2 protein chains.
Amino acid sequence: MAKLTTCIDLMDEGIDRVSQIIPTMPAAEARLCRLLLMVGEGIDQELAFKLKPHKLNHSEFLTLMILYSRPDGSSTPGELCEFATQGATNMTRIANALARRGLITRGASAADRRRVVIRITAAGRRFVKEMLPPMFPRIDTMFDNFSATDKRHLDRLLRKLAGNLDRLSEHSHP
Amino acid sequence: MAKLTTCIDLMDEGIDRVSQIIPTMPAAEARLCRLLLMVGEGIDQELAFKLKPHKLNHSEFLTLMILYSRPDGSSTPGELCEFATQGATNMTRIANALARRGLITRGASAADRRRVVIRITAAGRRFVKEMLPPMFPRIDTMFDNFSATDKRHLDRLLRKLAGNLDRLSEHSHP
DNA sequence: TATGTTTACTTCACCGATGAAATATCCGCT
DNA sequence: AGCGGATATTTCATCGGTGAAGTAAACATA
């Protein structure tokens, strides 16, 4: 598997050459975008690696965690779509997958019969409580050489960037 | 479409509640992971939005850009897989798609007849040179309120994180 | 030069995700 | 009460991506 750092080196060279041909390019900013995308993919793969033994994929895990973290352990497909930034179509499949394994239940809403109520089961809670801790060491290792201020900075900058992205997409694809 | 910042707020609450149930969780680090993943997805969507009018997807664009940035404008499927972190299978499809549009050519290597030489065409270069500049304003906007040191910090922290991820995956899935 | 191993790419079968359309229910208005 | 539009979820067709097996050429070595 290709190392992330060598990909980054190649990306740096590539951007240098492109910005020679097209000097109006915002090279530093484009570099940051690519960096972010690459590191994001790296974390994705790391997460997938940790989820594979449990036969979960990223979106199923996220959905289960959202339910786990809710005080009442329940939600609806529509709400879960919002929070997990998933399409409704996919949420149907995710719910099917989790329900088939007995980690959640699907029931009809009494108040609004269009709605489906999804609830995490006791088995689902047990499952999460057991699978989560073994991930912790690797998460810690990811930020090994990060000082407290490093972490604070990264947190702040990512949130700032998220705000900018929100404003961008508001204007164009709202 | 759900705003990124509200998803982040919900994520914060979720992590708080989970770390009450499971206090050994490295909450700050998990938060950073999720933040990075979410911002990464945001940039992905933004990129997809800019590519859609050109009927390109992310991996096709990246592949084309790698070719564009190479001094001789050529490479091989294997090399492109490495640099674009793509599976060989997918690279075949990408090359098919780009070749069908006349943006690249596929030829046999004289030196090694197992190899396929992929080369960006004049039309491919023109295509890139025209599609790239309209993206610049939005990239600039993404980092609008970032100071020069903000950008430097983000760059440094992401590279550091990439190094850590490399060490992680070396040990476990090499 | 014959043989087994490695490398490069493609084909095939499948999975996860998405857009468009279908279905069922709810809500506002007359 | 009943009609029209909005909302919630599912189904279907399709796309992009991946793993496993297939094919072809190169290399190593005996």
Side-chain angles (χ1 to χ4, degrees), chain A residues 1-2 37 40-42 44-45 47-49 51-64 74-101 104-119 173, chain B residues 1-2 37 40-42 44-45 47-49 51-64 74-101 104-119 173:
Chain A
M1 201 160 295
L37 286 171
E41 277 171 38
D44 244 330
Q45 286 179 353
L47 181 55
F49 172 76
L51 293 179
K52 189 181 268 180
H54 305 287
K55 305 224 197 286
L56 276 187
N57 70 32
H58 192 158
S59 59
E60 290 159 0
F61 172 67
L62 180 54
T63 303
L64 191 60
S74 77
S75 183
T76 65
E79 210 183 14
L80 289 168
C81 286
E82 282 271 298
F83 301 170
T85 22
Q86 284 290 322
T89 307
N90 201 28
M91 192 51 70
T92 298
R93 192 193 49 75
I94 293 168
N96 287 341
L98 296 177
R100 194 163 21 79
R101 293 178 61 177
I104 63 166
T105 57
R106 254 203 278 219
S109 162
D112 182 341
R113 279 182 306 178
R114 291 169 303 180
R115 278 197 158 84
V116 171
V117 175
I118 291 178
R119 187 180 308 277
H173 33 126
Chain B
M1 200 159 295
L37 285 172
E41 277 171 37
D44 244 328
Q45 285 178 352
L47 181 55
F49 171 76
L51 293 179
K52 190 181 269 180
H54 305 288
K55 305 223 195 286
L56 274 188
N57 69 32
H58 192 158
S59 60
E60 290 160 0
F61 172 67
L62 180 55
T63 303
L64 190 60
S74 77
S75 185
T76 65
E79 209 182 15
L80 290 168
C81 286
E82 281 271 299
F83 300 171
T85 19
Q86 285 291 324
T89 306
N90 201 29
M91 192 50 71
T92 299
R93 191 191 51 74
I94 292 168
N96 286 342
L98 295 177
R100 193 163 22 79
R101 294 178 60 176
I104 64 166
T105 57
R106 252 200 279 218
S109 162
D112 182 341
R113 280 183 305 177
R114 291 169 303 179
R115 277 197 156 83
V116 171
V117 176
I118 290 178
R119 188 177 309 276
H173 33 129

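Residue numbers begin at 1 in each chain, while the letters A, B, ... track the order of the sequences. From a predicted model like this one, the values you see are computed outputs, not experimental measurements. No hydrogens, no waters, no symmetry mates; every other heavy atom, side chains included, goes into these values.
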Worksheet entry | Gap between atoms CG and P, on B:L56 and D:dG17 respectively (whole Å) | 12 Å
Worksheet entry | Atom pair distance, as rounded to whole Å: CD in A:E41 and C1' in D:dT18 | 14 Å
Worksheet entry | Any B:R106 side-chain nitrogen or oxygen under 4.0 Å from OP1 or OP2 of C:dT10 | yes
Practice prompt. Please state whether the base of D:dA20 and the side chain of B:T89 form at least one donor-acceptor pair under 3.5 Å?
Written response: yes
Worksheet item: Between the side-chain atoms of A:R113 and the base atoms of C:dT25, is any donor-acceptor pair under 3.5 Å?
Response: no
Worksheet item: Does a nitrogen or oxygen in the side chain of B:Q86 sit under 4.0 Å from OP1 or OP2 of D:dG16?
Response: no
Worksheet item: Using 4.0 Å as the upper bound for N to carboxylate O, is an ion pair formed by B:E60 and B:R101?
Response: no
Item to complete: Please report, rounded to the nearest Å, how far the C1' atom of D:dG16 is from the NE2 atom of A:H58.
Response: 18 Å
Response to the item:
In whole angstroms, the gap separating P of C:dA17 from CD of B:Q45 amounts to 14 Å
Worksheet item: Do B:R114 side-chain and C:dT7 base share a donor-acceptor contact under 3.5 Å?
Response: yes
Worksheet, complete the sentence: Considering only heavy side-chain atoms of A:N57, the closest of D:dA25, C:dC9, C:dA17 is C:dA17
Discussion item. Distance criterion of 3.5 Å, no angle test: do you see the side chain of A:S59 paired donor-to-acceptor with the base of C:dG16?
Written reply: no
Practice prompt. For A:N90 and D:dA13, give me the distance from atom CG to atom P, rounded to whole Å.
Written response: 18 Å
